[in-house]
Amino acid sequence: MVKVIVDGIPVEVPAGSSALQACEAAGKEIPRFCYHERLSVAGNCRMCLVQVARAPKPVASCGFPVGEGMQIFTDTETVRKARRAVMEFLLINHPLDCPICDQGGECDLQDQAYGYGSGMSRYHEDKRAVTDKNLGPLVKTVMTRCIQCTRCVRFSTEVAGTPELGGISRGENLEITTYVEKALTSELSGNLIDICPVGALTSKPSAFQARPWELKKTDAIDVMDAVGTNIVIQARGGEVKRIVPRINDEVNEEWLSDKGRFSVDGLKRRRLDRPWVRVHGKLHPASWQDAFVAIAKRLEGVPGSRIGAIVGDLCEAESIMALRDLMHALGSSNLDCRQDGAQYDLTDRANYIFADGITGIDEADAVLVVGANVRQDAPVLNARIRKRYLSLGRGGLPIGVIGTLPSDPTWAYEPLGDDPTALNALMDGTEGFAAKLKAAKRPLIIVGQEVLVREDALAILAGCRKVLAAGERAEGWHGLNILHTAASRVAALDLGFVPGNGGRSVRGMLSGGVDVLWLLGADEFPVHSISPDTFVVYQGHHGDAGAARADVILPGATYTEKEGTWVNTEGRVQRGFQAVFPPGEAKEDWKILRAVSEVLGATLPYDTIGALRERMQLGVSSAAAAPEVASQVALDARPLVPATHGYYLTNPISRASPTMNECAAVYAPSAAVAAE
Amino acid sequence: MSDVNHDQPTHFAFDEVSEAEITKVLAKYPPERKASGALPLLYIVQDQMKRQTGSAWVPTVAMDVVAERLDVAPIRIYEVATFYTMFNLKPIGKYHLQVCTTTSCWLRGSDDVLGACKKAAGIAHVGGTSADGLFTLSEAECLGACANAPILQVDNDFYEDLDGPRTEALIAALRRDEVPQPGPTNGRHGSEPEGGRRVLLDANAGAAGPQKG
């Protein structure tokens, strides 16, 4: 630790800290544009100038290392003059278009110009103008506003791992561009909008829609993947206008995937806003009462074993709990949350979550990815792997991959084979990657959905465990980590939403396995395989595959319209709050289940969400023990197949989003080229 | 940069001469630092284009090839190539006339040199190429030969101590495919004083040592 005196306040900061960090530790706010805590230091905006005792001139605090006993002054006349001069230079070529700029109200330049701007310009020469660049369907550019802080260049190079932006030309002609006019290929490109301190990079889909001070902000959890990214939903007049990330260093740092950010416009399209009942093969609008009666009528005399329920990927824990209670009350044990047919080892909770946690990535000293396309399955988590990869230097973090990666994962890796038999070589290998894995104290094996949906899934998991057992591992280190893609999955497994004794799985419920099938937002399974004789109740928010097949549709709420609890892939229990109301007659899902239970004569024992939550046991596994098949099925030499649905259209909300559809169209051709 | 040339070739590959050069260049750097070879490799591209097409320039596809060879993202090479004015990002004439117009040259008459270039080469504006495709004219910042100002750099050669008529004569010679001897054009030797030495004329003066007064 180094002792520094900032404006007379003594503070202790770790050696190697910058003067700016010391000032922050002393509670002094230093204006900055180019400096960002999570990016490398560029030191080119000069806004963070401070005075240091015995230094001949003001120093840029962001890149100035502290020394023992250093005296820093952040608020002297010299400092203020210097910052005013820097601001004057920045404003010379910055257009005065704040009234039509989307950054207005949350603009660093605007804010700091209040403190250091001069109120009038002394510049009479021609201003610089820069052509706008086309960066694809998500990021809008107004490049004349750019102050060339290069945060975007550093973000795309360092965090996103897609070095496509750069500073072209020099001096007066310097421009930030891709040079070859192409759409950014990152799944994290939306973060460029947040990171840009001015209005040069703004959101294309939400351009000219709202002012930041008009928006009501609600904390919530992203459901587009299973990372559980902390978000802020910003709404105006009952409509979600935009979603931005919230800082949580243990989960998403301050990033958000593009799907989580830009699926917003899917929230108001293709919505189910009233109940529907199928009469003579055709869906008719109905009242809630009619819909409930239709369900009650059909359920009359149907034994519990002929009733089934499937939970979708976006559901919150409360509605899963309510549906489980309802099914148990009806005598059914045909419950399943694994639409994709994934198999988990349910004997211990640590076996079906990302057991070492997302922060575990920061400690890993070797990584083995088995059947996961981490970049698309969990872009934010992938950025964390890249961070660890970069922090250990070239070749410092050995990464092996079993399976095929359709795109550059943004870290260097050793391909170990495209089928799970590659594990055999790792179990008793003594050279190459096997040796590195064996020597690792904290090896991280990431198992993805490509593995879990296979018949030999449990054998592969057992194989991974054998690989882990081959070396000496750090105390308390699990090593085996499941990367989920469905936001609801871990909560559903925690709550035991899997077939009970003699119960049927998703596959068993299809093709006439049950007479009545309750779909809670479930659209990602072969809906067409449901027997024509099965009576389908679809409870959900979007008119997607499930609703099209339904006999009764009960309109539910999206994640922005209900308070709910989500459990992410590492088993972290998080709560999101209601930002807006569901459209039309749609209701919160647990309330629908509570109401229908009364009509069915199986009233659920709670009337408030609080009482419901008391029954929920998250964070422990209440699932049934795994079927004993691991020993019988051997590793299959069929290659692991990457999912073919791409990144942008993976759930009912993103499929309803015009922005996500545009992305899928723009990025599809390049994906096809990469696959060749 | 707005003046990216849109008439780009679709393919570029280093030829044998270039490959030999690249081997020499990359041998200077440790393998994990071979990105340092960006500038030399871009020069090699430009030279090869000159050999193959008669026009020394760097097409975008060649920058991609350089990036691949150096294991860096293409944008890193675009940044370097656009930063330095020595790389031409669009086709140029057979001879690249680069007139230094910075202070020393300007005071010594670079305006005349520039005017002579325009007139003799038949180029209307700086940055333009003559209709016959022989000459491209550009303005250069200080070329670092102020003692011999004003300077005209033709491709890689300096022609020094120019004035209007001599510039015109030089261009006329180039037009005839003659390449005059680079260096001072007014008969002086290197950067020695014009018209011979003017100091230290007395060979014995130094032997007596400094006079004390």
Side-chain angles (χ1 to χ4, degrees), chain A residues 40 42 44 128-135 141 143-144 146 148 150 152-186 189 192 386 390 392-396 407-413 670 673, chain B residues 1-12 29-36 38-39 41-42 45 57-90 98 101-102 126-127 138-143:
Chain A
S40 62
N44 55 12
R128 192 179 103 101
V130 185
T131 339
D132 293 342
K133 311 292 183 289
N134 182 7
L135 297 184
T141 64
M143 294 316 281
T144 304
C146 175
Q148 298 161 353
T150 69
C152 54
V153 176
R154 283 173 284 144
F155 176 85
S156 59
T157 305
E158 293 162 15
V159 178
T162 50
E164 293 166 335
L165 282 172
I168 294 298
S169 299
R170 59 150 87 177
E172 169 105 59
N173 298 319
L174 178 67
E175 290 183 18
I176 303 297
T177 166
T178 58
Y179 190 67
V180 285
E181 284 281 310
K182 62 170 191 169
L184 300 172
T185 57
S186 172
S189 61
L192 292 170
R386 178 170 168 81
L390 290 181
L392 289 183
R394 200 179 291 265
S407 55
D408 170 27
T410 74
W411 24 260
Y413 64 96
S670 63
V673 170
Chain B
M1 213 154 105
S2 48
D3 57 358
V4 176
N5 176 44
H6 290 287
D7 196 17
Q8 294 274 351
T10 54
H11 179 74
F12 179 90
Y29 310 107
E32 72 274 13
R33 296 258 185 274
K34 63 179 170 181
S36 305
L39 284 172
L41 256 66
L42 285 168
V45 167
W57 70 295
V58 183
T60 307
V61 61
M63 294 189 235
D64 295 339
V65 172
V66 170
E68 202 182 357
R69 183 63 65 95
L70 300 178
D71 280 338
V72 296
I75 186 73
R76 298 282 95 86
I77 302 298
Y78 305 156
E79 286 178 327
V80 171
T82 54
F83 184 86
Y84 293 100
T85 53
M86 292 82 94
F87 300 117
N88 305 306
L89 302 181
K90 43 188 177 184
Q98 299 153 79
T101 55
T102 311
V126 171
S138 37
E139 239 176 325
E141 296 308 326
C142 185
L143 293 172

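Order of the sequence lines sets the chain letters (A, B, ...), proteins ahead of strands, with each chain counted from 1.
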To the nearest 0.5 Å, atom OG1 of A:Thr177 lies from atom CD of B:Glu79 at 10.0 Å

Okay, A:Leu174 and chain B: the region with an atom under 4.5 Å from a heavy atom over there is neither

In terms of heavy-atom contacts, B:Met63 and A:Tyr179 come closest through CE-OH, 3.7 Å

*asked:* For a quick check under 3.5 Å, do B:Arg76 and A:Thr157 share a side-chain donor-acceptor pair by atom type?
replied: yes

